[in-house]
> 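Sending over a structure as structure tokens; questions will come in a sec.
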Amino acid sequence: MLQVQFIRDNKETVLAGLAKRNFANAETLVEQVLTADENRRATQVSLDDVLSESNKLSKEIGGLFKSGEVQKANILKEKTVLLKEQSKEFSEKLNTLSDELQNLLYQIPNVPHSSVKPGNSEADNENIFSEGIIPDLGENALPHWELAKKYDIIDFELGTKITGAGFPVYKGKGARLQRALINYFLDKNIEAGYKEYQVPHLVNTESATATGQLPDKEGQMYHSNEDDLYLIPTGEVPITNMFRGNLMQEADFPVCCTGYTPCFRREAGSYGAHVRGLNRLHQFDKVEIVRIEHPDNSYHALSEMVEHIKDILRELKLPYRILRLCGGDTGFTAALTFDFELFSTAQDRWLEISSASNFETFQANRLKLRFKNKEGKSEFAHTLNGSSLALPRVLAGILENYQTADGIKIPAVLVPYCGFDMIN
């Protein structure tokens, strides 16, 4: 959530940034925010004046009673009754205006970083880096869903029977490869200085709101109505919320966290060949990295995250590219996002496998996550997160890019985790 003072002080910058996103009604919303804030501040001044007058009269009344001037004291007491009624009215109005302001702020996305280019969709994203060799598999190469059936390692039909489409069952060496990837990703993250956490897989409304999933993505999350809890769409939500409401010291930075979680997304409206197999699921596994950083260091931290993910993909020897997302494709809460895409040789297409984002103060404002700077003043920290990595499409890429006539080879770095070097 943007800070009102930032919007007030940088109105034209905010509008220019929202224009990069093609955000509709930006000017109207910004004006509504500024007007609501003016009304809220004016009401606060009126309330403060009434409370100040009431306190002043209370002291006078006390003095009059002590001096025996009861009649004068009772006259002033009648005035305090009126002031209490006024303070109640102003308090109720202030709460209403504060809620109105907050609801307006919830509708405005983050302002993109200056490096973000305008654009309408993923077609306008910038390809800034690519690495790896795309293997020549010949005409008989199979997509991962056929390989999964051929080697009996993933059963999509069984998952549909148990739950529904988008909930696969991993079997035998497929399950072991899945577990190997999770352990490998966690070990790599820990070696890079990230502390491992195991976190809840359901969160309350306050947590989902604090990281920006609500109210923006409410329709994409599974919700338990009876308990008012949400299944997490990403480990970012519970991990980041561990720090909600904290007041940190500069010496605490950086805070580097990692964790494995299953993730749950309704993916409403996702149909067609591009969502076949592991391409898009309702339940999938992911290892996340989250950082809480000093504002002066957050973009250096984002670069470190990008390099870390690159290192993992290099060890897996998978062809990938990095995209800097344009304004129209950047997520609601992010200021800058780099997407990693893996080339699926059998499908002849790029598959997103990771996003690394800097949210600057946008999440921290909702989280009320602050730190004391060198001057002793409180300011908001910066939050970042990235997938390191999301498993389904990485697994799909391994199955497709490592397929041979004799079976599917296992990347050398994963063999110690799997206990086997071939699926056949």
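For this chain, numbers begin at 1 and follow the sequence in order. Keep in mind that the numbers below use all heavy atoms, side chains included, and drop hydrogens, waters and symmetry copies.
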> Less than 6.0 angstrom separating the ring centers of His113 and Tyr299, yes or no?
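Distance test on ring centres: under 6.0 Å, yes.
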> Over 60° means perpendicular and under 30° means parallel, so classify the ring planes of Phe253 and Phe371, tilted if in between.
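Perpendicular.
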> If only side-chain N and O atoms count, and only distance matters, is there a donor-acceptor pair under 3.5 Å linking Asn365 with Gln3?
no
> Does a salt bridge link Arg266 with Glu218, judged by any charged N lying under 4.0 Å from a carboxylate O?
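No.
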> Between Tyr222 and Tyr230 (judged by ring centroids, cut-off 6.0 Å), do the two rings come close enough to count as a pair?
no
> Taking the six-membered ring of Phe420 (Phe, Tyr or Trp), confirm whether the NZ or CZ of Lys173 is under 6.0 Å from its centre and within 45° of its axis.
yes
> Got a salt bridge between Glu131 and Arg314, using NZ or NE/NH1/NH2 to carboxylate O under 4.0 Å?
yes
> Do NZ/NE/NH1/NH2 and the carboxylate oxygens of Glu288 and Lys286 come within less than 4.0 Å?
yes
> Answer yes or no: does atom CD of Glu27 have more than 12 heavy-atom neighbours from other residues, nucleotides or ligands under 6.0 Å?
no
> May I ask you to decide whether Glu206 forms a salt bridge with Arg366, counting only side-chain N to carboxylate O separations under 4.0 Å?
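Looking at Glu206 and Arg366, the cut-off is not met.
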> What residues form a ring pair (Phe, Tyr, Trp, His ring centres under 6.0 Å) with Phe167, not counting sequence neighbours?
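Only His282 meet the ring pair (Phe, Tyr, Trp, His ring centres under 6.0 Å) criterion with Phe167.
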> Should the pair Lys117-Asp124 be classified as a salt bridge under the 4.0 Å nitrogen-to-oxygen rule?
no
> Using a strict threshold of under 4.0 Å (side-chain N to carboxylate O), is an ion pair present between Lys188 and Asp311?
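Yes, Asp311 and Lys188 are salt-bridged.
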> When you check the side-chain N and O atoms of Thr383 and Gln363, is any donor under 3.5 Å from an acceptor?
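Judged by distance alone, the side chains do pair up.
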> Can you confirm if the NZ or CZ of Lys217 lies within 45° of the ring axis of Phe332 and under 6.0 Å from the centre of its six-membered ring?
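Ring-cation test returns no.
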